[in-house]
2 protein chains.
Amino acid sequence: MVTIAYPNHARGVRDNVVAITIRDVARRAHVSVATVSRALAEPQLLREQTRKRVLAAAEQLAYRPNPAARSLITGRTGNIGIIVPDLDNPFYPSVLRGVQARAHQSGYAVLLADSGEDPAAEENLVHTMGKQVDGVIVCAPFASDAQLARIARMTTLVLVNRRLSGIPAVLMDVARGMRQAIGHLAALGHHRLAYLSGPRQAWSNRERRRGLLAAARSHRIQLVELGPFEPKFEGGIEAADLAVNTGATALVAYNDMMALGALRRLVARGIRVPEDVSLVGFDDILYAAMCAPPLTTVAMPMEAAGRAAVDLLLHQCGDVPPSANAQLHQKLASTLIIRATTAKPALAQRASAGSSAAGPRARKRSPGQE
Amino acid sequence: MVTIAYPNHARGVRDNVVAITIRDVARRAHVSVATVSRALAEPQLLREQTRKRVLAAAEQLAYRPNPAARSLITGRTGNIGIIVPDLDNPFYPSVLRGVQARAHQSGYAVLLADSGEDPAAEENLVHTMGKQVDGVIVCAPFASDAQLARIARMTTLVLVNRRLSGIPAVLMDVARGMRQAIGHLAALGHHRLAYLSGPRQAWSNRERRRGLLAAARSHRIQLVELGPFEPKFEGGIEAADLAVNTGATALVAYNDMMALGALRRLVARGIRVPEDVSLVGFDDILYAAMCAPPLTTVAMPMEAAGRAAVDLLLHQCGDVPPSANAQLHQKLASTLIIRATTAKPALAQRASAGSSAAGPRARKRSPGQE
DNA sequence: ATGAAAGCGCTAACAC
DNA sequence: GTGTTAGCGCTTTCAT
């Protein structure tokens, strides 16, 4: 079955306002429609006098070319699509913002869709957008490699946060940020660390995990991995309870939402952050800076990724903004932002027994439940 | 000058994949193109046998009608536009989510634009979307009444959080939530309250203020108004410092972002929330439930508003989903959500000196500056 | 430098 | 029931 979702349009009933067409402008400027078309698209082909006359007529009539008609003949739409897994996750609106800004800047409009984290929906949405767009950006796709390859065959595709050979993508260099984070923790004296894992299959989670493993090894830090958890506030809450039993002095969460959940749960249990346990998040969403204490986190360049994705896409489409270069995969740096959820581990203080005796008050654990 | 932003398309160069058209399907099914068109749009007009044959052919060819061609003749696009002031404000992604969900559900695609809080941009964007959409939703517009009226003349328009006679809109009944909030505060024993105002001209701010004034009067609560402040975290920080000097025992912020800023600043100054001062936000953004202590706030039905806006719009377009009714202005209820930033005022306790002596520890104000 | 005309892919009269 | 056909508004040869 061909499932084409026709909106149940009331057909034919259209604007009482009669739209003005290229013909009206032509008539008023005493030229042919071809000339009007040229005046707008390739002004240099016309005598200045003619051009001015046409432009004037167009302006007086407030003429706007019909994009559908144009698209029909050129095959280009001037639209790009963006598909995100979940608008509720603050990560994606940020990417979206970058996409939107850059697209409009290049004269493109943006078609938005939310896949609800459903791999099949991602494919369908691309189908639906189909001829409406010149290409689509799929952000942190849930679809399988095979599905993505299929999608790539039917439209110009750019991925964000997913590497797949042959498909252009904007990636974030989590390894770098992770190295900084672990370096930071190691420098503070942490030796044992828990990773609160996100969804196993998520490309981002695998990347972060990989970076973490490498960094931990090079710093001779013990690593215990927990999860997977829902990459949300609730997941963080769940994770925190597990983490406190591991003897880890520092927690690295898959993302900020989880970190925030963990933070909240730790505090609720009377475990102080960062005095009793350090906590590092990932993403640097808005709230990371707003919570108390502000979260140390690895900032992902979300808006920049959105912009880069558009550049890559337009490049693929044959539209080449100067800023875009020809790489297939573009890697953006991530950076550790040290705020207030990381500090020297309580245990290390005892062990190394250095400096002044006036360390942080050595409370062990408050009357929280347990 | 007619400023038509042409994307610098590489023209003519199009898909190596030749798109299949209605003709191909017709040929394969041994029918006319009209029959194919009908098989997809009005199946009941065809003999079952024919219909099946056509549908089969369409499926085999993976045929997808070209929306541009259809749009050209029907005048409908199957798209709706949404313009938001700022994607960074968590309020709007929530609305967007509702819009997106309902639109897709009705077979519509969503064109997104961010106005950057620029009134002129709002008007331009509607122009640009123009014939690409069947109508547009403008969310919390910055444009003037006159501008909006002009916009309404060129497309089907639905407003969110802005009332303007003659233009359909989805409004949020802040008065109700505000009444609940003030009632709650009054019941706790608060007598003096500071309102941390948002932007003066913002319709939402005026509404909230109006609701507050009425509620405060009816509860005989003293009101001091501060601001206007930037409706952001930073604005809340600024506001908090001012608010502590007013002698108010409770703060009502224009929105949650400000409330969160105020919360952070109060805590930083050693003023305990809710023991020393109560705090109420507005909106119920995601973080409101995630911060510590969780924020008491008036929840705005953002996603529902997005859905309602789409219903209203489709209704205007002549597409009438069953759930939509004919009102021009649709008002959605707001509800107070009591969490942990509101409590009995410290002063009231002294004054009323009732109940047990075992009230909250009666610390006055910690060593914060001032 | 400009115009005439042929469609792009589809729907909607209108025939039969 | 199904086919024929005339466009929708625009761009783009091809003439001139």
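Bear in mind the structure is a predicted one, so any value in this text is a computation, not a measurement. Every heavy atom of this structure was used, including side-chain atoms; hydrogens, water molecules and symmetry mates were not. Just so it is clear: chains get the letters A, B, ... in the order the sequence lines come, proteins before strands, and each one is counted from 1.
- To the nearest angstrom, C1' of D/dT12 lies 13 Å from CZ of A/R70.
- In A/R150, the CZ atom is crowded: over 12 heavy atoms of neighbouring residues, nucleotides or ligands sit closer than 6.0 Å.
- Within the structure, every pair that satisfies the side chain to side chain donor-acceptor pair (under 3.5 Å) test and touches residues 157-170 of chain B, not counting sequence neighbours, is listed here: B/D145-B/R162.
- Rounded to a whole Å, the NZ atom of A/K131 is 15 Å from the P atom of C/dC8.
- Following rounding to the nearest Å, A/I22 (CD1) and D/dT12 (P) show an atom-to-atom distance of 11 Å.
- Regarding A/R76, its CZ atom lies at a distance of 14 Å from the P atom of D/dT11, rounded to whole Å.
- The interatomic distance linking B/L40 (CG) with C/dG9 (P) rounds to 16 Å, in whole Å.
- A donor-acceptor contact shorter than 3.5 Å links the side chain of A/D134 to the backbone of A/G78.
- Across the protein-nucleic acid pair, B/L61 atom CG and C/dG9 atom C1' stand 15 Å apart, rounded to whole Å.
- A side-chain donor-acceptor contact under 3.5 Å links B/Q100 and B/H104.
- In this structure, the nucleotide among D/dT12, D/dC10, C/dT11 sitting nearest to the side chain of A/T74 is D/dT12.
- Residues B/L312 and B/Q330 form a side-chain contact, since some pair of their non-hydrogen atoms from C-beta on lies under 4.5 Å apart.
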List every contact pair, protein side and nucleotides 1-5 of chain D side both N or O, where the distance is under 3.5 Å.
from  : atom 1 : to    : atom 2 : distance (Å)
D/dT2 : OP1    : B/R47 : NH1    : 3.4
D/dT2 : OP1    : B/T50 : OG1    : 2.3
D/dT2 : OP2    : B/R47 : N      : 2.9
D/dT2 : OP2    : B/T50 : OG1    : 3.0
D/dG3 : OP2    : B/S32 : N      : 2.9
D/dG3 : OP2    : B/S32 : OG     : 3.1
D/dG3 : OP2    : B/T35 : OG1    : 2.4
D/dG3 : N7     : B/R38 : NH2    : 2.7
D/dG3 : O6     : B/R38 : NH1    : 3.3
D/dG3 : O6     : B/R38 : NH2    : 3.4

Discussion item. Apply side-chain contact (heavy atoms from CB on, under 4.5 Å) to residues B/Q316 and B/L157 and explain how you reach the verdict.
Written reply: CA-CA 8 Å; B/Q316 296 283 318; B/L157 177 64; over 6 Å; no
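- Nucleotide C/dC10 holds its P atom 12 Å from the CG atom of B/L72, rounded to whole Å.
- Side-chain contact check for B/Y63 versus B/P65: some heavy-atom pair is nearer than 4.5 Å.
- When every heavy atom of A/P67 is checked against every heavy atom of B/Q132, the shortest pair comes out as CG-CG, 3.7 Å.
- Between A/S37 and D/dT11, a side-chain N or O to OP1/OP2 separation shorter than 4.0 Å is present.
- Residue B/E42 contributes atom CD, which lies 16 Å from atom P of C/dC10 at whole-angstrom precision.
- Residues A/R53 and A/H30 meet the side-chain proximity criterion, which asks for heavy atoms closer than 4.5 Å.
- Where the helix from C/dA1-D/dT16 to C/dC16-D/dG1 starts and where it ends, the local axes point in directions that differ by 40°; five pairs per end, rounded to 10°.
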